[in-house]
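Scroll down for the structure; my scribbles are underneath it.
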Amino acid sequence: MKKNTRLIHAGRSKQWTGSAVNPPLVRASTIVFDTMQELREATKQRGNRVPYYGRRGTQTHFAFQEAMCELEGGAGCALYPCGAAAVSGALLAFLKQGDHLLMVDSVYEPTRALCDKLLAGLGIETTYYDPLIGAGIAALIKPNTRMIFLESPGSLTMEVQDIPAICAVARAQQIITVLDNTWASPILCKPFELGVDISIQAATKYIIGHSDVMLGTASATEQYWPQLREHSYLMGYCASADDVYAASRGLRTLGVRLKQHEQNALQVAQWLAQRPEVATVRHPAFADHPGHQQFKRDFSGSNGLFSFVLSQGSLKQVEAFIEGMQHFKMGFSWGGYESLITATLNVQALRQASHWPYSGPLIRLHIGLEDPEDLIDDLQAAFQRFHAAI
């Protein structure tokens, strides 16, 4: 099946839907049994999507987990209350005191904070690496290296990593690879085909698509799924059936939404690239973007998230640029139908292992489903405020 057809049918077997179109919304904590034999049989099947306790899931959860496995290609999918929980759940399921983690230097800031604060306190060492290192990551591997974490593209500066090259090095030394695949959603990149062991999604973003639900997922290969499942359960991770139902519904329109996000974003990005105030546009589909060749090889399209760097600009000018927006809203996250804007004045301060070649402020945009002409008008007015604030 093509990807849009797969999005419509994934997780909708009659086992879950019965005679309805959608899997039902089933809320439960306690599951009751008529006999002890039934209870024993259910507990033996806990890895096979059989309900026996609400934290293990209901038919609502099982249908969505099945859909995620169909779309990403994993052997199993664990659910978490948010994307950050999926990251911590995946890392803590496999890392222990004395282990060494290789973490991409362009990583989502909360993941960096997890490494520097929580993991460090548990005796887990983190080394950050240049996102463009590729197979050169072999030089950073230590005898106690247990995991390599990737995020591609990076969700702020957008570098595209050479996922197959890094995974090949890791697999040769039996090191686990984890990819934050949120930017690509389940359909723009197939992580398991590239050699990844565990793929993470902040379903909060494009899967949900409406900026009103928090949810995270981690899918794994057959080798690592049992440990990911059991350790995440032991740490108490679970997700609301209502939130999972919203994610299952969001999957059905993901393809058409992403296509429109992509078209809108490319139009805005191309306009920005012509602006004299812009030093560079950080969009993976642009030929001069770091990792563009890997993007063309490993991804089937782009979305609404990219950034651009101003040649210069004071805090006062950046505030004037952002605070008067009509259509762009200032706020964290992305992936909803609305356009968003944030600013980072010093990208290098967020790095340890790689050099950021620009001195001007970085503006990150999420281009929503508005008419792009209106968004361009909004940005045009922002540049006028920017110059007036000198």
Side-chain angles (χ1 to χ4, degrees), residues 104-109 128-137 149-167 179-185 187-191 194 196 205-206 258-313 334-335 339-344 346-348 350-351 353-368 372 375-376 379:
V104 63
D105 205 25
S106 54
V107 73
Y108 177 55
E109 194 172 352
Y128 292 95
Y129 67 90
D130 188 320
L132 301 178
I133 197 170
I137 201 166
F149 192 102
L150 306 91
E151 181 184 302
S152 184
S155 59
L156 181 65
T157 51
M158 306 292 155
E159 295 92 339
V160 181
Q161 296 187 252
D162 193 338
I163 300 171
I166 292 173
C167 290
L179 170 67
D180 186 333
N181 195 39
T182 302
W183 189 94
S185 83
I187 62 171
L188 297 182
C189 176
K190 299 299 184 185
L194 302 178
V196 170
K205 297 179 169 65
Y206 279 122
L258 271 183
K259 192 64 177 176
Q260 194 62 55
H261 283 295
E262 177 184 46
Q263 291 177 7
N264 290 359
L266 284 170
Q267 185 172 337
V268 174
Q270 288 159 359
W271 179 84
L272 283 165
Q274 304 305 312
R275 294 290 308 192
E277 304 91 343
V278 174
T280 185
V281 174
R282 305 286 288 195
H283 192 301
F286 279 28
D288 61 348
H289 182 76
H292 173 69
Q293 292 304 316
Q294 286 73 35
F295 176 77
K296 284 176 45 177
R297 181 192 66 197
D298 298 337
F299 292 76
S300 61
S302 60
N303 61 24
L305 191 72
F306 70 94
S307 55
F308 65 95
V309 181
L310 295 168
S311 299
Q312 57 79 35
W334 41 274
S339 291
L340 296 173
I341 186 168
T342 60
T344 302
N346 186 356
V347 173
Q348 188 61 54
L350 304 176
R351 304 241 167 168
S354 53
H355 173 66
W356 179 248
Y358 304 100
S359 59
L362 179 144
I363 308 294
R364 189 180 77 171
L365 301 179
H366 176 253
I367 304 301
L375 300 178
I376 288 171
L379 290 165

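Position 1 is the first residue of the sequence, and the numbers go up from there.
L194 places none of its side-chain heavy atoms less than 4.5 Å from the side chain of C167. Put simply, the side chain of D105 reaches to within 4.5 Å of the side chain of P131, judged on heavy atoms. A heavy-atom distance below 4.5 Å is not found between the side chains of D180 and V107. The closest side-chain heavy-atom distance from R364 to T344 is not below 4.5 Å. A 4.5 Å side-chain heavy-atom check between P153 and F299 finds at least one atom pair inside the cut-off. Here the side chains of L365 and L379 are in contact, with some heavy-atom distance below 4.5 Å.
Between the side chain of Q348 and the main chain of S354, a donor-acceptor pair closer than 3.5 Å is present.
Residues H283 and F295 place their aromatic rings such that the two centres sit no closer than 6.0 Å. Proximity of the aromatic rings of W183 and Y206 is defined here by a centroid distance below 6.0 angstrom, and this criterion is not met.
A side chain to side chain contact (heavy atoms under 4.5 Å, CB included) with I367 is found for one member of N303, L340, L305, L375 and no other, namely L375.
For the pair V309 and G360, the tightest heavy-atom approach, listed with the atom from each and the gap, is CG1-O, 3.7 Å.
Atom-to-atom distance recorded for K259:NZ and H261:NE2 is 13.0 Å, nearest 0.5 angstrom.
The list of side-chain hydrogen bond (donor to acceptor under 3.5 Å, both in side chains) pairs with a residue in residues 149-161, not counting sequence neighbours, reads Y129-Q161, E151-S155, T157-E159, T157-R351, E159-R282, E159-R351.
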